[in-house]
Amino acid sequence: MRELVTVVFIIIGLALSIVILMQEGKSAGLSGTINGIADTYWGKNKGRSMEGKLVKATAILAFLFFVVAAVLSLYH
């Protein structure tokens, strides 16, 4: 059982690393006031965009990472 949880932990860690690397920087897309209208539209639809999905996936994977880490610590 411990080996299975360890493998899941490694897979979640790799997936978390990939999802984080796929995200844009916080300042990418905020290139001044010229993009004000686009930023407002993007801000309203952020959850539906690819970036919004990556943020949600990061949060879920981070939560799972810590839960599985806690489970692994119980086996130690």
Side-chain angles (χ1 to χ4, degrees):
M1 184 69 174
R2 182 178 179 190
E3 291 81 17
L4 177 65
V5 177
T6 303
V7 169
V8 170
F9 185 67
I10 292 169
I11 291 171
I12 291 172
L14 289 173
L16 183 61
S17 299
I18 291 168
V19 169
I20 289 171
L21 289 173
M22 289 175 62
Q23 293 181 12
E24 292 180 4
K26 293 291 180 188
S27 63
L30 298 175
S31 61
T33 58
I34 298 172
N35 293 332
I37 296 171
D39 287 339
T40 303
Y41 176 77
W42 186 72
K44 289 181 182 177
N45 295 312
K46 190 173 183 177
R48 295 182 188 154
S49 68
M50 184 63 166
E51 186 68 23
K53 291 177 184 176
L54 287 174
V55 170
K56 288 179 186 177
T58 302
I60 292 169
L61 287 170
F63 175 75
L64 290 174
F65 186 83
F66 286 112
V67 168
V68 174
V71 169
L72 276 175
S73 72
L74 294 176
Y75 283 120
H76 196 291

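Atoms considered below: every heavy atom in the structure, side chains included; atoms not considered: hydrogens, waters and symmetry mates. Just so we're clear, the structure is a prediction, and the values are computed from it rather than from any experiment.
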For the CD atom of Gln23 and the NZ atom of Lys53, what is their distance to the nearest 0.5 Å?
14.0 Å
Measuring from atom CG of Leu54 to atom CE of Met50, what distance do you get when rounded to the nearest 0.5 angstrom?
5.0 Å
Who clusters with Ile11? Use side-chain heavy atoms, under 4.5 angstrom, across I, L, V, M, F, W and Y, and order the result by chain and number.
Val7
For the hydrophobic clusters of this structure (ILVMFWY residues joined by side-chain heavy atoms under 4.5 Å, transitively), does one cluster hold both Ile60 and Val19?
yes
Under 4.5 Å side-chain heavy-atom separation, chaining through any Ile, Leu, Val, Met, Phe, Trp or Tyr, what else clusters with Leu21? Say none if it is isolated.
none
When clusters are formed from ILVMFWY side-chain contacts under 4.5 Å, directly or step by step, what else is grouped with Leu14?
Ile10
Go through the structure and list residues passing side chain to side chain contact (heavy atoms under 4.5 Å, CB included) with Ile20, not counting sequence neighbours.
Leu16, Thr58
Residues that Ile12 engages under side chain to side chain contact (heavy atoms under 4.5 Å, CB included), provided they are two or more places apart
Val8, Leu61, Leu64, Phe65, Val68
Are Met1 and Val71 connected into the same hydrophobic cluster when the rule is that any two of I, L, V, M, F, W, Y join if their side-chain heavy atoms are below 4.5 Å apart?
yes
